[in-house]
Amino acid sequence: MTREDKKLHDVQSGMEGPRDAGGHPTKDERVVGPILPGAGEVAARPARTLWGDAFTRLRKNKLAIIGLVWVTIVIALALSADLWVPRFFAEPTFTGFGSLEAPSAQHPFGTDRIGRDVFSRVVYGSRPSLSVGVLAVSISLALGLILGALSGYYGGVLDAFIMRTADVFFAFPYMLFTIALLAVLGPGLQNVFIAIGILGWPSIARVFRSSILSVKENEYVDAARAMGASDLRIMFRHIMPNAIAPIIVYGTMSIGGAIITEAALSYLGMGVQAPTPSWGSMLSEAKALMIPAPWLTIWPGFAILTTVLAFVLMGDGMRDALDVKMKD
Amino acid sequence: MGDLLRVEGLVKYFSTDQGLIASRLSKKVHAVDGISFTVRSGETLGLVGESGCGKSTTGRCLIRLLEPTAGTIDFDGIDVRALKGRALQEFRRDVQFIFQDPYASLNPRMTIGEIVTEPLAVHRLGTPQERRARAKELLDVVGLNPEHINRYPHEFSGGQRQRIGIARSLALKPRLVICDEPVSALDVSIQAQVINLLDDLQDQFGLTYVFIAHDLSVVRHISDRVAVMYLGKIVEVGGWQGLYDEPHHPYTQSLLSAVPVPDPAKQRTRERIILQGDVPSPIDPPNGCRFHTRCPIAQDICHHQEPELRQVAPDHEAACHFAKPFPIELAAVAPGTEAADAV
Amino acid sequence: MALLEVSDLKTQFTTRDGVVRAVDGVSFALEEGHTLAIVGESGSGKSVTALSIMRLIPDPPGKIAAGKVVLRGESVLDMSDADVRAMRGDRIAMIFQDPMTSLNPVFRVGFQIGEALRIHKGMSRKEADARAVEMLDLVGIPNAPHRAKDYPHQFSGGMRQRAMIAMALACDPDILIADEPTTALDVTIQAQILELMIELQQRKGTAIIMITHDLGVVADMADDVMVMYAGKQVEYGSADAVFYSPQHPYTWGLLDSLPRHDIDEKGTLLPIEGQPPSLIDVPPGCAFHPRCPYAQAVCRETCPELREIEPGHMAACHFAGTDSLVRGRVATAEGEVR
């Protein structure tokens, strides 16, 4: 607020009513008659964006914050691993330590069959998991948003075509489809996220399409059309900002799903190839030793469980935070 | 004053199903079925009727939010239906729309300053600073505090939001404003504020209104001329005084007698026409006069011959074979008797 | 003794933002066969009053904090849950605003009407079905035996509201609470429903509590009127008294802000300026004072008690019935109308 505005405001603030906690004016600006304005004058509320409001609400959601903190920790570990986790522990060549050692001070998570430090492998294993999660979902989002937007906004034949194609994708068993795709592309991390990404778009497109359809019903979209706004303006200014919330939620949650798929594929040997560790491939290697060396399954399993859960909690929290009607 | 808007034989059908197949054979909803009317410059034409009568569809056709199936719309010599591209843009500067729902008609992710000046942005008028100044001016005009320019719609009450919608419709200095049930979502005391505001703005800016509503009293209050719609047709149209004092169509008479008045004594003695049954489906409207299925005075002719609008008094037309003032027996509501005990 | 006596009823909701006093000290009496209209704008507490009488306030967050509700000498607020369930639908029945959502779409209409009879009167399926057909016939649904087998989506809005009335009246309740029963309907259908309610009331002697914001409907139906504002009762009296000699400035405001089609001249509408207050942050003193053109210093400080202005006619305004207020009103009216 500029100084000029402030002055103007002071002149008019006699007409300013009290606000309830939701920031709603509780009186009209124009109170007539011989009434003193002192009933509850409040300074003008600083302009806050809706995203700012959303973040404020998110902060109040404890579970979402726990999810956010955990995701941040995992990402930080993955990024900083080179700096402090001895990389050679993750390499297969180093066998100077005993194999299948139980957790100890030196090896907090124990060691595996050929003496590699499990802690290092879990930390390095977060890299393929997270990158698959993020990259695969990005591919799904890129495809799904474009196709969903076209489908929802234009409708008609285009909509029918896109949605029937999506139905075809849904008709195949997901895991089998992924494996088949990897069989064509060949195993490897890069192909894993391409496969998961390509198979993820139909759900995103569907969610976005239905979100757009409901937003499109709002009269402000009609209002924009009536004032002569272009399709692009309506799409990006009026529909997208209001339709994107479910996608953010869904996208966050699907990162968890993609991590699980990656783990499953690596477990089956279709994903990350040895010696690079990934949570799924670690589980795969440990499957025969589950009873004698439980730490081999517990730690990568724990990592998958908590990370996926953290993404889901975050997504849940965002759903509530982004709901405009829920006020702080 | 000349005619600003002339509508001739406007028709809008909706297909009952969409999709790739079967659109040709499907049934059509006859939402608006051949209506004609004119709106004179500077006046308010009220469009009144019950739900499903096609009044809102008409309003949306007028600004090409919906594409009419047939008919002509002439706005100040321009053939509205033929407009494309730049010419359509120009037309949309002159004609604005006010929506019913004060909650759904404002984008929740835009500040009210952005909302009010969006028409200017769309038409690339003015610099951002000029637009901001204009936004403050507009908010002031509709009785809101110009300081609230950076707030979001959810911080305002229903009545205040409706004022924001009105401010938006004024941004381009339109000549014609179509108001689609602008007060029906509001509480009584707030409703009166908004009606008075619309009245003042009309005087101040020389606006012409098409005012669409289901509330007969509100329409009477704000309109110079009124058209009554039933099942996609105009059944009666005329100056407000003639139409309300001497309604000629049995539907108009029943509507007027059905609205309870806030006066217990009068309400006790008023004779009311209770129409039987429901409004027929617009998918398969009745033959002949569309009102004949519920009309208390329907004859054979009404079943097969559709009545045309014809003049029944100066500036007063009705579409009824038996149109005359009070063809239905209405002893207690004969004109004149009720004026005497008006509060 | 009146059929239903409500005294000093207070219902509150605890929200994150504070305590909402949705109903704040409401008292009235309903006589057998009479109609009481509760009038107010959205958020005035009229629906919550009705729900409190039915003990349908969700707890938490809601709570009936104080007051008495006495039905034929029996305290409703002290009843056991089982007794309350036995009362609902049998002695006090309720119909709601939206006829589209108040019937369950997966059951046949006749079955739903019979449900209360099976619960409260222990009727067999067959007896209940027969009675449901009778009730549908009574509320003017043509071809009732056939229509009872229809599902709600096969009924129009007006017919659904008739079916709701049939359902509510199936057990011959003492009191019918109608919460905005015609608001979602077109005027010609509204006229049918109001006519039906009046006719059934005369035939069965049911007392009606009519909750509405439409003063025309009030004038049509009500013997007594209670006007509510911000959870408080501001005026209460016979319909004639409230319409012809309103005592509270809010009631005047409501009447003056209403466009009417039954008066020859188009008068200027005199709206009540401002907005209704938030119930979390009700203005101190008289809740109406920020919008009241006649407010004085006392109005900002002291909340006026409901008091009798003339026999049977009460208002909660410091100046109700005083000359200064009446003169003020005349002056305003002349000044504004010119």
Side-chain angles (χ1 to χ4, degrees), chain A residues 1 5-6 8-13 15-17 19-20 22-30 44-51 53 155-157 159-161 164 215 217-230 233-234 237-245 323-327, chain B residues 18-21 60 63-65 88-93 95-111 113-115 118-123 136 139-140 143-157 159-160 163 165 168-169 171-172 178 180 190 193:
Chain A
M1 196 186 275
D5 293 350
K6 183 85 189 154
L8 185 60
H9 173 76
D10 286 341
V11 173
Q12 287 163 338
S13 61
M15 302 188 250
E16 166 82 25
R19 314 190 141 262
D20 66 30
H24 289 250
T26 51
K27 277 190 292 182
D28 197 308
E29 284 70 9
R30 299 196 303 173
R45 173 185 176 283
R48 266 193 304 182
T49 64
L50 280 146
W51 297 108
D53 277 353
V157 179
D159 175 34
F161 179 74
R164 294 304 78 78
V215 171
E217 289 302 305
N218 280 307
E219 284 182 333
Y220 56 77
V221 175
D222 278 342
R225 285 178 57 207
M227 68 180 72
S230 64
R233 185 183 179 90
I234 292 174
R237 198 111 171 89
H238 294 282
I239 296 182
M240 281 284 205
N242 289 292
I244 203 75
D323 187 350
V324 181
K325 276 159 216 114
M326 282 195 36
K327 290 157 205 134
Chain B
Q18 293 134 344
L20 295 175
I21 320 160
R60 278 159 195 259
I63 52 161
R64 296 264 307 270
L65 265 181
L88 182 60
Q89 287 281 94
E90 287 298 310
F91 166 73
R92 287 189 158 148
R93 288 177 60 168
V95 183
Q96 290 291 316
F97 204 88
I98 297 172
F99 292 86
Q100 167 176 5
D101 188 339
Y103 291 88
S105 61
L106 307 179
N107 186 340
R109 309 241 178 236
M110 286 165 76
T111 65
E114 288 170 336
I115 289 172
E118 193 182 15
L120 302 172
V122 164
H123 291 273
K136 290 189 173 185
L139 291 179
D140 190 46
L144 291 171
N145 185 343
E147 281 309 305
H148 292 173
I149 190 165
N150 287 329
R151 294 198 174 157
Y152 286 88
H154 71 266
E155 301 172 49
F156 294 87
S157 69
Q160 293 171 318
R163 287 174 193 264
R168 171 175 62 191
S169 75
L172 291 170
I178 295 160
D180 187 6
I190 308 298
Q193 294 175 1

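Each chain gets a letter, A, B and so on, in the order the sequences are listed, and its residues count up from 1.
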Spatial distance of atom CG (L65(B)) from atom CD (E219(A)) [nearest 0.5 Å]: 10.0 Å
Least distance between heavy atoms, I63(B) atom then A226(A) atom: CD1-CB, 3.7 Å
Note, M227(A) side chain near R168(B) side chain (heavy atom, < 4.5 Å): yes
N/O donor-acceptor pair under 3.5 Å between R92(B) side chain and G228(A) backbone: no
Minimal non-hydrogen separation, N242(A) against P108(B), with atom names: OD1-CG, 3.1 Å
Smallest separation among heavy atoms of R233(A) and A121(B), with atom names: NH2-CB, 3.7 Å
Verdict with supporting geometry, M110(B) and H238(A), side chain to side chain contact (heavy atoms under 4.5 Å, CB included): CA-CA 9 Å; M110(B) 286 165 76; H238(A) 294 282; 3.6 Å; yes
Residue part contacting chain A, namely of L88(B), when any heavy atom lies under 4.5 Å: neither
Test applied, side chain to side chain contact (heavy atoms under 4.5 Å, CB included); reference residue, Y220(A); option that passes from I115(B), L106(B), N107(B), D101(B): N107(B)
Salt bridge present between R225(A) and E118(B) (N-O < 4.0 angstrom): no
Derivation of the side chain to side chain contact (heavy atoms under 4.5 Å, CB included) call for E114(B) and R237(A): CA-CA 11 Å; E114(B) 288 170 336; R237(A) 198 111 171 89; 3.7 Å; yes
Segment of R60(B) engaging chain A (4.5 angstrom heavy-atom cut-off): side chain
Separation of Y103(B) OH from N218(A) CG (nearest 0.5 Å): 14.0 Å
